[in-house]
Amino acid sequence: MQKNKNSLRMIILTGLFAAIIYLGIFILRIPIPAMVGRPFIHFGNTLTVLAILFLGPRNGIIAGIIGLGGFDVLNGYALTSWLTVLEVIIVGLTIETVFKYFHHNDSKRNIIIVAITAGAMKIVTSYCTSIVEALMVGTVFKTAIVASFLSLPATVINSISTAVCVPLLYFLLRKAFSAVNKD
């Protein structure tokens, strides 16, 4: 993790991660039928977790907001993009809290726990987001709760892929990222 959050290198890496996150959703997305919203399987969440781990919470969350939120704005989800931004912030702060608890020690065990935590928190935030989306279109609260629960399969799949892919990609990319960060 880079110490100077505002260096030109960090700004470029933040923008690069934002673009990769956007492309991770845009290029590979598989729609899944749901009662609420239009969910799909994608790798944006996985890439956002990696951005937070490599860039730190501030720049990683900014990259996630730009990548995931930007995708929403540009692809027909603009009305609920603010919910995506809130999700990124909540998941990002949760990841940083867990990683900080481990004193930023990136052992295999710790990264696996961080990835599982990120996946679990994404399920919680997506469920809450689905409830808000259902309420925004006028659904009764009890119906919104049930419909949102029944709309979770895409999120569960995304969360499982996050829990599996983050540790794999983190350890594959860690050495390359360290080389890029050397002054």
Side-chain angles (χ1 to χ4, degrees), residues 1 17-18 20-21 24-25 28-69 71-72 77 80-135 141 144-174:
M1 197 170 12
F17 263 102
I20 291 169
I21 291 166
I25 305 168
L28 182 63
R29 61 183 153 148
I30 304 162
I32 292 195
M35 295 182 76
V36 177
R38 299 176 291 164
F40 49 87
I41 299 167
H42 61 84
F43 289 100
N45 300 323
T46 298
L47 296 168
T48 299
V49 174
L50 289 171
I52 293 165
L53 290 172
F54 284 127
L55 302 177
R58 177 181 167 248
N59 290 58
I61 289 171
I62 290 170
I65 288 170
I66 294 169
L68 292 168
F71 175 85
D72 283 359
Y77 301 91
T80 58
S81 63
W82 65 277
L83 292 168
T84 301
V85 169
L86 283 175
E87 281 189 83
V88 170
I89 292 168
I90 291 167
V91 172
L93 292 175
T94 302
I95 292 166
E96 176 55 19
T97 301
V98 171
F99 203 41
K100 192 181 232 180
Y101 176 78
F102 294 133
H103 305 289
H104 295 99
N105 176 358
D106 64 350
S107 69
K108 288 181 181 180
R109 174 189 166 273
N110 293 350
I111 295 299
I112 289 169
I113 291 170
V114 167
I116 291 169
T117 303
M121 185 53 72
K122 182 63 181 169
I123 291 171
V124 171
T125 59
S126 290
Y127 178 63
C128 294
T129 297
S130 293
I131 292 171
V132 172
E133 287 177 6
L135 293 173
F141 185 69
I145 290 173
V146 173
S148 297
F149 181 77
L150 296 174
S151 299
L152 282 177
T155 301
V156 171
I157 293 168
N158 283 333
S159 296
I160 291 169
S161 74
T162 297
V164 171
C165 293
V166 165
L168 295 173
L169 291 172
Y170 182 83
F171 292 110
L172 282 173
L173 299 173
R174 180 174 61 176

Nearest 0.5 angstrom please: [X] [atom1] to [Y] [atom2], how far?
X	Y	atom1	atom2	value
L86	S81	CG	OG	10.0 Å
F141	I145	CZ	CD1	3.5 Å
I90	M121	CD1	CE	8.0 Å
T84	L68	OG1	CG	7.0 Å
F17	L50	CZ	CG	6.5 Å
I20	I25	CD1	CD1	12.5 Å

**Q.** Sequence neighbours excluded, every pair satisfying salt bridge (charged side-chain N to carboxylate O under 4.0 Å, His left out) that has a member inside residues 114-132
**A.** E87-K122
Q | Qualifying salt bridge (charged side-chain N to carboxylate O under 4.0 Å, His left out) pairs, either residue in residues 150-165, two or more places apart | A | none
Q. By side-chain hydrogen bond (donor to acceptor under 3.5 Å, both in side chains), which residues pair with Y77, not counting sequence neighbours?
A. none
How close do [X] and [Y] get, counting heavy atoms only, and between which atoms?
X	Y	answer
I111	F171	CG1-CZ, 3.7 Å
V91	A118	CG1-O, 4.3 Å
S148	A144	OG-O, 2.7 Å
F71	R29	CZ-NH1, 3.4 Å
D72	T80	OD2-O, 4.4 Å

Extract all donor-acceptor atom pairs below 3.5 Å that involve side chains of residues 163-170 and protein atoms in other chains or at least two apart in sequence.
{"residue": "Y170", "atom": "OH", "partner": "D106", "partner atom": "OD2", "Å": "2.6"}

Within the 4.5 Å heavy-atom criterion, are [X] and [Y] side-chain neighbours or not?
X	Y	answer
L93	I61	yes
I113	Y101	no
Y127	L152	yes
I95	T117	no

Q. Counting only heavy atoms not in F102, do more than 12 fall under 6.0 Å of its CZ?
A. yes
Q | R109: salt bridge (charged side-chain N to carboxylate O under 4.0 Å, His left out) partners, not counting sequence neighbours | A | none
Kindly list each side-chain donor-acceptor pair under 3.5 angstrom involving residues 39-48, sequence neighbours excluded, with atom names and distances?
{"residue": "H42", "atom": "ND1", "partner": "G44", "partner atom": "N", "Å": "2.9"}
{"residue": "T46", "atom": "OG1", "partner": "T162", "partner atom": "OG1", "Å": "3.2"}
{"residue": "T48", "atom": "OG1", "partner": "G44", "partner atom": "O", "Å": "2.8"}

